[in-house]
There are 2 protein chains.
Amino acid sequence: MMNMRLSSPANDYPWVARPLIASAPMLNIATAKLAVAVSSARGIGFIAGGYDLSGLEAQLIEAKHLTNGANFQDSHLRQGPRETPVLPVGVGFLNWGASLEIALPLIQKYRPCAIWLFAPKTGVSDLLPWVQAVRSELPYGIKIWVQVCCLQDAVESTERLQPDVLVVQGCDAGGHGFARSASIVTLLPEVLDQLKSRESSLPQDIRKPFVVAAGGISDGRGLAAAMILGADGCAMGTRFLASPEAQIARGYQNEILRASDGGVSTVRSTVYDKVRGIYDWPAKYDGRGLINRSYEDIVNHEVTEAQNRRLYEAEKLKGDNGWGPNGRMTTYAGTGVGLIRAVMPAAQIVTAIRQEAMERFQRPIQSARL
Amino acid sequence: MMNMRLSSPANDYPWVARPLIASAPMLNIATAKLAVAVSSARGIGFIAGGYDLSGLEAQLIEAKHLTNGANFQDSHLRQGPRETPVLPVGVGFLNWGASLEIALPLIQKYRPCAIWLFAPKTGVSDLLPWVQAVRSELPYGIKIWVQVCCLQDAVESTERLQPDVLVVQGCDAGGHGFARSASIVTLLPEVLDQLKSRESSLPQDIRKPFVVAAGGISDGRGLAAAMILGADGCAMGTRFLASPEAQIARGYQNEILRASDGGVSTVRSTVYDKVRGIYDWPAKYDGRGLINRSYEDIVNHEVTEAQNRRLYEAEKLKGDNGWGPNGRMTTYAGTGVGLIRAVMPAAQIVTAIRQEAMERFQRPIQSARL
């Protein structure tokens, strides 16, 4: 298989434009609608499979339906005239919970163009059975994306899993990531340098993965910065929360538009999992979200964990009023939340950011006023 | 005074090359030797005045001496033929502790080209007396730099203090900054957008400050990323720890060369102040340093704060052996620590990074492999 792998997304994903822009598989939010919209704008959209995969098949069915109604060239989705077309969206898994036995037949049946693996329970080696099964049992050109939050996992993933795409996530990201982490400003160059320096000691048929930056990228400037740091593209989560295609409560979306100064208005914490009764994330992870009463009350020792959880349950009954600094509903968001000021169709976000990034390169020195 | 202020460092600091590179006023480390070396390479070096200013006059005397022996053009340091020359280095103050009464006569006597204000005790307005005194009593063209860690302080500082330079510090920075903070990936664009959108509502003679990015910038890629995000230049701290001019223990410097994966190997904490008996930083601040026993023992509840401090004092006796993951000596460092692999003369660091950054712009798209 190894020598059949292609290194360029222009070949792997013929509908994709440069630089590559992906929408992240945000749990409960990244549905078929969002994913297909992103891919239709020549990006790659991901459906969230999450950790229990309960809603995945319904989303894959919808993605197939939406793809048929969208403007994809048939030749872009078939690797040969007799091949079943590939679904031009990927599926993301939270690997500490997701079952390979459930996932594999669904992938086989619906043929998503990629899977995105993240957060194995004990370490990189947990992902080996996934990679082996997908590559041996699904030889239709599906690409494997692996998300990492630190240098060590980046190196280990590259060498042991040989992913097609390495998603390098920095600390600005909304939702889950490493509690202790660097931003892409330092993580990305360090990962790239390390991969390069180890290249010569690896077998020649192992290609360097395509590197996608994630964490804080909210507009064309962020994408351009990621590219100049060495990334081949970017994945965005928070920015797509402000799209009509995201499956998101109005109260949540309004908070994304309202909030600013994301370094101060968000925080990394495990409290937003605990209030929802989710205790199974591996210990290194927490999630970044807008600060609200669930967080404040715990850090100020106003409530116990059990009380906090009950208060969260009660808050659900308030509908859209449960969000906001005085609300309790979990509002995952990255530090780039203040750069997001309007709801825009997902396809338009992709097109605009791609163009903004390229424009940034056309007058880089002038733009810096020096 | 206001209309006498110049907006371009090419005029303010005639010896400076573009893009501007500054060395941060790192407490105990950024001495005259480092500052003059950085300025001699057409950057701007800062001497650390710190919070008690006890060693400042000696450093200013040394800076004057070193400047006389360096290659500065006399016309670059004098604003007119009869003017006393300006010292081509700045002085940094930790404003929660520094005394204006002590600082002012020293500035008047030695004429540093800039002062860098950071971390006022209660808020931006604490800095007003400094700005007013410096502008009214020292009208020799001294420039005021103000360092901020969030959007709100950036806006308030710009409007109330009208600094010549705004240093926007992201969470990757080593040493002190906001405990809750974003990286420059999101903070810088948000600050720039906000300043721009408020421009029209301000009096016309208030100029937009020159914006310098700090936090995680360790090589030319970081500087290029900061520029593409909209910065006019950068300030670096950690990178200059690996210069012979830094006043730093060998054990500390060796750790900077050894450490990698800075998001994981460093942590933001107040423990590194507490072990040294420093309790006066305002509540929003902590410091990023390499993880060692001082930190591990506190988070694992192995020692009390008092025990930890005694253990730190005892560790001092070990000399260079007190540093390292099993040591206790404070080792402030940014997440970019893994990008720093050799000790280089400070002037060479400045020259190399300036060139690397410019090269990055000459082939931006190719460098991204797409």
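A note on names: the letters A, B, ... follow the listed sequences, proteins ahead of strands, and every chain is numbered from 1. Heavy-atom basis, side chains included; hydrogens, waters and symmetry copies ignored.
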Side chain, backbone, both or neither of B:Cys171 within contact of chain A (heavy atoms, under 4.5 Å): side chain
message: Does any part of the side chain of B:Leu188, heavy atoms only, come nearer than 4.5 Å to the side chain of A:Arg221, both counted from C-beta?
response: no
- prompt: Under a 4.5 Å heavy-atom cut-off, does chain B meet the side chain of A:Ile184, its backbone, both or neither?
  reply: side chain
message: Looking at B:Gln355, I'd like to know if its CD atom is crowded, meaning that more than 12 non-hydrogen atoms belonging to other residues, nucleotides or ligands lie closer than 6.0 Å.
response: no
Residue B:Glu199 excluded, over 12 heavy atoms near CD under 6.0 Å: yes
Main-chain N/O of A:Ile228 paired to B:Arg360 side chain as donor or acceptor, under 3.5 Å: yes
- prompt: Who wins among A:Gly334, A:Ser260, A:Gly222, A:Gly262 for the most heavy-atom pairs under 4.5 Å with chain B?
  reply: A:Ser260
message: For chain B, which candidate among A:Gly215, A:Gly170, A:Ala179, A:Ala224 shows the most heavy-atom pairs at distances under 4.5 Å?
response: A:Ala224
field: A:Glu190 side, atom CD; B:Ser218 side, atom OG - distance, nearest 0.5 Å
entry: 9.0 Å
query: Which pair of heavy atoms, one from A:Val185 and one from B:Val185, lies closest together, and at what distance?
result: CG2-CG2, 3.5 Å
task: Kindly give the heavy-atom pair with the smallest separation between B:Asp261 and A:Gln152, and that separation in Å.
output: OD2-N, 3.0 Å
task: Find the one option among B:Pro189, B:Ala154, B:Ala226 whose heavy-atom pairs under 4.5 Å with chain A are most numerous.
output: B:Pro189
Which portion of A:Thr266 sits near chain B, non-hydrogen atoms under 4.5 angstrom: backbone
- prompt: Using a cut-off of under 4.5 Å for heavy-atom pairs, which of A:Leu229, A:Val191, A:Asp172, A:Asp219 has the most such pairs with chain B?
  reply: A:Asp172
field: Any B:Leu187 side-chain heavy atom under 4.5 Å of A:Thr335 side chain
entry: no
message: Does any backbone or side-chain atom of A:Ile291 lie under 4.5 Å from a heavy atom of chain B? Answer side chain, backbone, both or neither.
response: side chain
statement: Minimal heavy-atom distance between A:Ser183 and B:Ser183, with the atoms involved, is CB-CB, 3.3 Å
task: Return the option, out of B:Gly336, B:Gly338, B:Gly220, with the maximum number of heavy-atom pairs under 4.5 Å with chain A.
output: B:Gly338
